[in-house]
Amino acid sequence: MTLKEVCEILEANVVCGQDNLDIEVKMACGSDMMSDVLAFVKNQSLLLTGLQNPQVVRTADMMDMHCIVFVRGKEPTEDIIELACDRDIVLMQTPLRMFTACGRLYDAGLKG
Amino acid sequence: MDISYNVNGDDFTRAGEASSKFKKALKQVGFDAEIIRRVTIAMYEAEINMVIHAHGGVIDCKITPEKIELWFRDKGPGIENIDLAMKEGYSTAPDNVRSLGFGAGMGLPNIKKYTDEMKIETELGVGTTVYIAVNV
Ligand SMILES: Nc1ncnc2c1ncn2[C@@H]1O[C@H](COP(=O)(O)OP(=O)(O)OP(=O)(O)O)[C@@H](O)[C@H]1O
Ligand SMILES: [Mg+2]
């Protein structure tokens, strides 16, 4: 699935990385605990989270992830956006809650 | 090649900056992506630990043809029981740290998992030095 499809499925708004929406993702992970992302993520390249701080982007960067989706309509702050742009990480924002967002992507074929 | 980073212990928003910079440096040198990933995940965990448990400190990195070595030195409270601290799920992090997304007690075991060598020297009330190495 491409990030463009992820965006459509989640009714999301692309905050940065508009030019990278043709990137393919196969696996995703949903968590508000960056400790767990660091400990359990293997090849997941998409992170869904309700957490809002620069460590979300740094964690995704360390794990070589391509995209972060902020759930529940959370508005990322300037410093988060800047960091993501610098690391070539796509940021999206969806009004959906975590469970619903993950469920829709899983339904559409993304693995955990 | 030697690089050092100061880790600010008062500003959580900056925690991870050093690891992020070192990751860029390793990419520029042209290391294998899997090596970079192992080194920087371990480094990031240890850097975050310095900030949330020990008021910051200094990270020294040394790159040789055989391995990438890192020393994390802090003047924090020290670790009372290293065996316990190494257990998955053991954490003394307060709730405010958990609300920042950390404090699951997974950091030290994760560092162990991703490195070829790991040593902790610690003294209560004096500080902690964590040494890690990844063979290249
Ligand atoms: N540099 C340090 N100085 C003092 N205590 C430390 C230090 N590093 C780790 N510890 C102690 O060891 C415990 C376990 O560390 P570990 O990194 O495994 O988990 P955590 O930092 O609590 O949570 P997580 O890493 O999952 O976010 C910590 O809760 C803390 O009590
Ligand atoms: Mg930790």
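Side chains are part of it too, since the values below use all heavy atoms of this structure and drop only hydrogens, waters and symmetry mates. Please read these numbers as outputs of a predicted model, since none were measured by experiment. In the text below, chain A, chain B and the rest are named by the order of the sequence lines, each starting its count at 1.
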For residues [X] and [Y], report the shortest heavy-atom separation together with the two atoms involved.
| X | Y | answer |
| --- | --- | --- |
| Arg37(B) | Val41(A) | NH2-O, 3.8 Å |
| Met62(A) | Ile41(B) | O-CG1, 3.8 Å |
| Asn53(A) | Leu100(B) | ND2-O, 3.1 Å |

Look at the side chain of [X] and the backbone N and O of [Y], then say whether any donor-acceptor pair between them is shorter than 3.5 Å.
| X | Y | answer |
| --- | --- | --- |
| Arg58(A) | Ala15(B) | yes |
| Gln55(A) | Phe12(B) | yes |
| Asp36(A) | Ala104(B) | no |

For the hydrophobic clusters of this structure (ILVMFWY residues joined by side-chain heavy atoms under 4.5 Å, transitively), does one cluster hold both [X] and [Y]?
| X | Y | answer |
| --- | --- | --- |
| Met27(A) | Val56(A) | no |
| Val69(A) | Ile89(A) | no |
| Phe70(A) | Val6(A) | no |
| Tyr44(B) | Val58(B) | no |
| Ile9(A) | Ile23(A) | yes |

Pair listing, side-chain hydrogen bond (donor to acceptor under 3.5 Å, both in side chains) test, anchored in residues 88-108 of chain B, at least two apart: none

Check against side-chain contact (heavy atoms from CB on, under 4.5 Å), Asp61(A) and Lys24(B): CA-CA 10 Å; Asp61(A) 182 29; Lys24(B) 277 192 172 172; over 6 Å; no

Atom CZ of Arg72(A) with >12 non-hydrogen neighbours under 6.0 angstrom: yes

Lys74(A), NZ atom: more than 12 neighbouring heavy atoms under 6.0 Å: yes

Interatomic spacing from OG1 in Thr40(B) to CG in Asp64(A) - rounded to 0.5 Å: 7.0 Å

Spatial distance of atom CG (Asp79(A)) from atom CZ (Arg14(B)) [nearest 0.5 Å]: 12.0 Å

Chain B contacts, top residue of Thr59(A), Leu83(A), Thr49(A) (heavy-atom pairs, under 4.5 Å): Thr59(A)

Contact listing (chain A partner; residues 109-128 of chain B; heavy atom under 4.5 Å): Asn110(B), Lys113(B), Tyr114(B)

Stepwise side-chain contact (heavy atoms from CB on, under 4.5 Å) test for Phe102(B) and Leu38(A): CA-CA 10 Å; Phe102(B) 294 89; Leu38(A) 287 160; 4.0 Å; yes

Structural part of Ser31(A) lying under 4.5 Å from a heavy atom of chain B: neither

Test item: Met34(A) and Met106(B) side chains (from C-beta on) under 4.5 Å apart, heavy atoms: no

